[in-house]
Amino acid sequence: MSKIVMTTPLVEMDGDEMTRIIWQMIKDHLLLPYIDLKTEYYDLGLRHRDETEDQVTIDAAEATKKYGVAVKCATITPNVARMSEYNLKNMYKSPNATIRASLDGTVFRAPILVKGIEPYVRTWKKPITMARHAYGDVYKNSEIKIEGPGKAEIVFTAADGTETRKTIFDFKGPGIVQGIHNTDASIENFARACFQYALSQKEDLWFSCKDTISKTYDGNFKAIFQRLYDEEFKKPFEEAGITYFYTLIDDAVARVIRSEGGFIWALKNYDGDVQSDMSATAFGSLAMMTSVLVSPDGNYEYEAAHGTVQRHYYKHLKGEPTSTNSVATIFAWSGGLRKRGELDGIDDLVDFANALDRATLETIESGKMTGDLALISTLDHVEKLGTEEFILAVRARLDEILAGA
Ligand code: NAP
Ligand code: MG
């Protein structure tokens, strides 16, 4: 069989620890035998980030804007322990934060469903994709601990010096106060990314916040979503046969639990943080979740939602057997290849990405899986495989599928 030819390179961002080992295994066993893989390679492994003083991360983000599609391996976010472990020159920022800031994106996360790993919520039949705004609110706050009586005020000084002032609270005793913000530009980018993603997935879009209580702040989010929908997305949504609707977050939570799934749920930063942990757990596991960063001008960066699985890596270094789940990383690759195929009109690449996903799911459904899933599987015959063994089992199934089975 001749290899699939690519026309535009995929931006490849290599990473750290166990996921770096998995990255290479996926390329060797699941991609290179089938595709004339064309990537522009950026080594975001911590050593090379340190050698380049993190320039490589900025270059990788720029390349994503140039080519439009990237695949990223999990990376270490340096902390004090990593400073000495890797003898780093600086405590570099999280690569995800750098890339997000450069692409101005929204993160979409969806569970990967397989038979034998049952959601805790019985009604859920299809994935629920969470779209989390990744800027502002309590993540960029200003807080004061109030020690005793006094007045807390909120003051805005306009560029021309005009002041707007409001009392927050007259304290009679100790308490706390917090100031938060967001910008129309960031909210609009978030809304646009959600509408575009819903169109690309052909799924309904829900947005929820609490505008009955927070009439100005959350009201602004609701109004921007509605304006953008009316001005730009109403027609394409109708043509695609999908709907957009706004509902209060408490109503949304109740509806989500009663739903079958199969939609995109847009949430403010904090709501998205909390609700995506809830949904990932309710659906099964972090290693069974896809994650894609989408920028408002249509650039895509695919990754796994989990970290570098450090504890497994240290076992691997000692030569001990590991059973690390590679599904999220396989799906990051298939997601990137599928998008590249769609953009470049290469049907073979799209078909291959679909076959790879199918092979991965069918391998697990046949009872062959890594240890994390073996623990929670409801199948009768479960065989726990090692890290590389699982990838080889996927390859065996992939060969059958490609041969027409
Ligand atoms: P983690 O790598 O996600 O691992 C936490 C634990 O979850 C693991 O020890 C393992 O449990 C389980 N786990 C996660 N992924 C798994 C998989 N694919 N297969 C099987 N089990 C899996 O998080 P962490 O230990 O907090 O962080 C490690 C490093 O990753 C840190 O340096 C952090 O900065 C980085 N990180 C990167 C990203 C990213 O680049 N997207 C995201 C988060 C964290 P057991 O050990 O019990 O088996
Ligand atoms: Mg969280």
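Every heavy atom of this structure was used, including side-chain atoms; hydrogens, water molecules and symmetry mates were not. All residue numbers refer to positions in the sequence shown, counting from 1. Ligands are counted one by one from 1 in listed order, and the atoms in each one are counted from 1 as well.
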The closest protein heavy-atom partner of atom 18 (N) of ligand 1 is Asn325 O, 2.8 Å

What atoms of ligand 1 come closer than 4.0 angstrom to any heavy atom of Ala287? 17 (C), 18 (N)

Asp43 with Arg20: basic N within carboxylate O range, under 4.0 Å: yes

Tell me, which protein residue and heavy-atom name are nearest atom 28 (C) of ligand 1, and how many Å apart are they? Thr308 OG1, 3.6 Å

Could you pull out all donor-acceptor pairs under 3.5 Å where a side-chain atom in residues 315-322 meets a protein atom, sequence neighbours excluded?
unit_1 : atom_1 : unit_2 : atom_2 : d
Thr322 : OG1    : Thr387 : OG1    : 2.6

Would you call Arg397 and Glu400 a salt bridge, using N to O less than 4.0 angstrom? yes

Ring geometry between Phe169 and Phe171 (parallel below 30°, tilted from 30 to 60°, perpendicular above 60°): perpendicular

If you draw a 6.0 Å radius around CD1 in Ile144, do more than 12 non-hydrogen atoms from other residues or ligands fall strictly inside? no

Atom 33 (C) of ligand 1: closest protein heavy atom, distance to 0.1 Å, is Thr77 N, 4.1 Å

When the ring planes of Phe207 and Phe225 are compared, do they come out parallel, tilted or perpendicular, using 30° and 60° as the limits? parallel

Are any of the protein's heavy atoms under 4.0 angstrom from atom 40 (O) of ligand 1, yes or no? yes

Hey, are Arg192 and Glu188 close enough for a salt bridge, meaning a charged N less than 4.0 Å from a carboxylate O? yes

Quick one: does ligand 1 sit under 4.0 Å from the side chain of Glu17, the backbone, both or neither, non-hydrogen atoms only? neither

Between Glu303 and Arg109, is there a side-chain N and carboxylate O pair less than 4.0 Å apart? yes

Tell me whether the rings of Phe233 and Phe195 are parallel (<30°), tilted (30 to 60°) or perpendicular (>60°). parallel

Against heavy atoms of Lys72, which atoms of ligand 1 measure under 4.0 Å? 40 (O)

To the nearest 0.5 Å, what is the distance between CZ on Arg82 and CG on Asp16? 7.5 Å

Is there at least one protein heavy-atom neighbour under 4.0 Å from atom 30 (O) of ligand 1? yes

Nearest-neighbour protein heavy atom for atom 11 (O) of ligand 1, which is reported as residue plus atom name and distance: His312 NE2, 4.3 Å

Of all protein heavy atoms, the one nearest atom 35 (C) of ligand 1 is Thr75 O, 3.4 Å

Spacing of CD1 belonging to Ile35 relative to CG belonging to Leu10, to within rounding of 0.5 Å: 9.0 Å

Taking only heavy atoms of Gly307 into account, list the atoms of ligand 1 that are under 4.0 Å away from them. 1 (P), 2 (O), 3 (O), 30 (O), 36 (N), 37 (C), 38 (C), 42 (C), 43 (C), 44 (C)

Is the shortest distance from atom 44 (C) of ligand 1 to a protein heavy atom below 4.0 Å? yes

Might you check, step by step, whether the distance between atom 20 (C) of ligand 1 and some protein heavy atom is under 4.0 Å? yes

State whether any protein heavy atom lies less than 4.0 Å from atom 6 (C) of ligand 1. no

Indicate, as side chain, backbone, both or neither, the part of Asn96 found under 4.0 angstrom from ligand 1 when only non-hydrogen atoms are considered. side chain

shortest atom 12 (C) of ligand 1-to-protein heavy-atom contact is with Val309 CG1, 4.7 Å

min-distance protein heavy atom vs atom 32 (O) of ligand 1 -> Arg82 NH2, 3.0 Å

Starting at NZ of Lys339, measure out to CG of Leu349 and round the result to the nearest 0.5 Å. 12.5 Å

Ignoring hydrogens and geometry, is there a side-chain-to-backbone donor-acceptor pair from Ser259 to Val256 under 3.5 Å? yes

Within 4.0 Å of some non-hydrogen atom of Ala74, the atoms of ligand 1 are 40 (O)

Counting only heavy atoms, which portion of His306 has something under 4.0 Å from ligand 1: side chain, backbone, both, or neither? both

For ligand 1, find out whether one of its N or O atoms is nearer than 3.5 Å to an N or O atom of Arg311. yes

Glu303 heavy atoms within 4.0 Å reach ligand 1 at atoms 41 (N)

